[in-house]
There are 2 protein chains.
Amino acid sequence: MNLRELSDLLGLSQTTVSRALNGYPEVKEATRIRVAEAALAHNYQPNTRAKSLATGRTMSIGHVIPLSNQHEMVNLVFSDFIAGAGEAYAREGYDMRVSVVDDSQEAAAYERLANTGTVDGVIVHGPLVNDARIPLLQKLGLPFVVHGRSSNCPTPYSWLDVNNRSAFLRATDFLLDLGHTRIALINGFEQMDFAMRRRAGYADALSARGVALDPSLTHAFEMTEPFGYAKTAQMLDADNPPTAVIASSLIPAMGVRRAVEERGLVVGKDVSIICFDDALSYLPNGEGSPIFTATRSSVRNAGRRCGEMLMDQIAGRTTGPVHELWEAELVVGGSTGPAPTR
Amino acid sequence: MNLRELSDLLGLSQTTVSRALNGYPEVKEATRIRVAEAALAHNYQPNTRAKSLATGRTMSIGHVIPLSNQHEMVNLVFSDFIAGAGEAYAREGYDMRVSVVDDSQEAAAYERLANTGTVDGVIVHGPLVNDARIPLLQKLGLPFVVHGRSSNCPTPYSWLDVNNRSAFLRATDFLLDLGHTRIALINGFEQMDFAMRRRAGYADALSARGVALDPSLTHAFEMTEPFGYAKTAQMLDADNPPTAVIASSLIPAMGVRRAVEERGLVVGKDVSIICFDDALSYLPNGEGSPIFTATRSSVRNAGRRCGEMLMDQIAGRTTGPVHELWEAELVVGGSTGPAPTR
DNA sequence: ACATTCATCCAAAGCGCTTTGAAAAACGAT
DNA sequence: ATCGTTTTTCAAAGCGCTTTGGATGAATGT
């Protein structure tokens with residue numbers, strides 16, 4: 001059933017039927033009802049492709065996921081982010097268009113989305129300290145919102161970020177307050193903006209208390225369980241081991257815990273662990289009481305809000321760049337305790 | 001730059017330019033080259049919306065993700081599946097359109113996709129033992145491939161599945177061979193087809209050896225770390241505790257391990273653990289040597305293959321339902337050992 | 001020389017919707 | 001009745017592509 005068939009059936013023009021269904025005022029209430037009922041009865045739903053062509057709007061938001069052979073960017077937060085974003089999209093009749101591309105093709109993918117008019121806007125994931133995507137999108141004139149920030153970007157753009165620096169500063173302070181001074185950092189890749197900021201927070205907290213930063217205690221790599229395990233094992237087996245570890249997420253934190261327990265040490269007593277918790281729905285930090293002491297901020301809420309911000313921008317409800325900086329919540333769990341006295 | 005502008009520029013008709021770019025034979029090689037060069041020089045890329053309307057093809061595949069308040073369906077395998085599928089899509093110029101919908105709206109979402117011609121086909125995720133989506137999609141005439149199977153579906157359809165029954169049968173056999181008889185099962189929800197089959201494999205293996213199935217050792221719930229932990233803790237603290245646990249994935253297996261180690265027991269000695277490993281890129285089962293003994297099958301490869309199967313179906317390269325049943329690989333890690341003698 | 005084929009190109013129709021500009025109908029006021 | 005105004009409806013022109021059904025001219029055959 002298409003528009004012409006429906007309008008023929010009703011003895012009305014396509015114009016009137018279209019207007020009736022799209023809520024335009026210049027149509028009699030009685031006919032509007034008649035049209036609505038007929039549309040329902042015959043299960044008429046306008047063809048998306050035709051509608052897009054006529055309106056110039058696709059009602060879809062692009063997400064470009066670069067896939068590299070080196071390391072994985074399809075990271076664990078992605079599915080929760082899109083769950084949140086998708087929820088926001090659904091409320092306004094949008095949905096999301098995901099392109100998986102080889103990372104060498106990333107710029108080309110954004111150009112294609114812009115030139116071919118496939119999406120109304122895009123979300124930028126995992127911004128780097130230096131990120132070429134932001135100037136590119138600005139040049140292309142495609143609306144976008146960045147989940148995170150890119151420190152070295154000179155021009156303003158819309159973003160939503162967690163205050164990663166503050167989160168790690170507070171986590172480090174928390175451990176310092178407990179008497180720890182040998183505090184390790186298991187970070188993500190530090191070309192990622194969030195990881196760079198987390199390191200800054202960690203370093204600032206140490207320096208504020210006059211604790212020298214020991215490079216042998218800081219590691220940056222893929223945020224996996226085996227990495228958390230391997231680096232912790234290595235540090236614990238070395239001279240002057242750390243009494244506390246800050247991990248970039250729950251996943252490496254589990255590896256940290258495995259290394260600690262494997263050595264017969266007790267988490268929260270011999271070695272304290274704090275991590276960043278993205279509050280992933282399928283990876284809860286315990287039920288009720290948290291397993292790990294953590295700085296927490298829901299990536300799902302971030303997805304929802306980023307989606308809203310982008311749709312606001314597309315609809316012209318906001319003009320100019322908009323920023324939101326969210327503070328992570330510090331939740332105290334069973335994985336931290338006073339520094340052991342030697 | 002659109003087609004008309006480009007053709008005006010070249011002094012050719014839109015027909016010829018379109019044909020030149022789409023590789024039709026009725027255009028002189030010299031003009032084809034001239035057109036291709038002009039298109040490149042002026043960065044012409046055909047408008048997706050117009051192309052879709054004209055061809056009736058959207059070059060996109062739908063993925064409907066139901067979101068429920070009860071429990072999470074945006075599960076941990078999703079992002080790896082779409083990484084694989086997206087890779088396949090990209091090779092043929094498709095991309096994926098993801099709709100997140102309230103689970104009460106799931107049927108309506110498929111109807112909308114079909115009626116509005118928004119996608120060329122869909123992938124069905126997480127099929128249930130009784131799944132209404134399959135007959136619905138057949139009625140709607142929308143091409144689809146199921147990742148998994150739905151046991152009670154009477155009509156044939158295309159699917160790709162891991163042999164879950166065999167995987168859990170072999171895992172259980174492996175433990176029985178090591179002398180275990182108190183073998184617990186930490187399963188996913190058993191209305192899910194894969195979970196039902198896994199239980200069947202587990203039960204069959206026990207019954208073949210004349211080991212009675214103890215209901216207090218089988219649990220089915222959300223596949224989270226805290227669930228693995230809580231159920232294992234409960235079983236270990238009860239009379240006649242299990243000496244081995246089979247977990248539905250790496251995530252609950254980590255909870256199992258936590259409960260074991262928290263009690264001062266040693267994994268692979270006091271308690272053996274086997275799990276199903278979806279070979280998620282961000283959650284590797286160790287580097288090199290596996291941490292957990294596991295039955296492994298890559299969900300990413302499954303995504304890639306499902307995408308290919310669906311595109312083959314849409315392109316008419318296959319006719320009629322196609323099936324693939326993959327055997328999981330049994331990898332022996334450090335988490336299993338002979339049953340302790342009491 | 002002419003008819004016939006073939007290669008190459010084009011004008012125009014169509015995909016199914018929205019939207020512009022105008023007409024028809026209904027209404028109220030004279 | 002008549003005129004102006006408002007409400008309601010419609011025909012037709014896009015949106016930017018693909019594709020059908022010729023047209024044109026060159027090449028071939030007799």
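Reminder, nothing fancy here: chain letters follow the sequence lines and each chain counts from 1.
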Inset, instruction - Describe the nucleic acid contact of A:G11 in one word from base, sugar-phosphate, nothing, applying a heavy-atom distance below 4.0 Å. - result: sugar-phosphate
Legend entry - Gap between atoms CG and P, on B:N115 and C:dG16 respectively (whole Å): 14 Å
Legend entry - Any side-chain donor near an acceptor of the partner, B:D312 and B:T318, under 3.5 Å: no
Legend entry - Cationic N near anionic O, under 4.0 Å, A:R149 to A:D193: no
Inset, instruction - Specify the angle, to 10°, made by the local axes at the two ends of the helix from C:dA1-D:dT30 to C:dT30-D:dA1 when five pairs are taken at each end. - result: 60°
Legend entry - Step-by-step side-chain contact (heavy atoms from CB on, under 4.5 Å) determination, A:Y94 to A:R57: CA-CA 10 Å; A:Y94 280 81; A:R57 297 273 302 276; 2.7 Å; yes
Legend entry - Donor on one side chain, acceptor on other, B:T58 and B:D120, under 3.5 Å: yes
Inset, instruction - Determine, for nucleotides 17-24 of chain D in 5'-to-3' order, which nucleotides have protein heavy atoms under 4.0 Å from the base (write B), from only the sugar-phosphate (write S), or from neither (write -). - result: BBBBB---
Inset, instruction - Round to a whole Å and report the spacing from NZ of A:K28 to C1' of C:dA24. - result: 13 Å
Inset, instruction - Give the C-alpha distance, both sets of side-chain angles, the deciding distance and a yes or no for side-chain contact (heavy atoms from CB on, under 4.5 Å) between A:N2 and A:L6. - result: CA-CA 6 Å; A:N2 62 25; A:L6 182 66; over 6 Å; no
Inset, instruction - For A:T31, report the nucleic acid contact type (base, sugar-phosphate, nothing); a contact means any heavy atom under 4.0 Å. - result: sugar-phosphate
Inset, instruction - For the pair B:F144 and B:Y157, name the ring-plane relationship: parallel under 30°, tilted 30 to 60°, perpendicular over 60°. - result: parallel
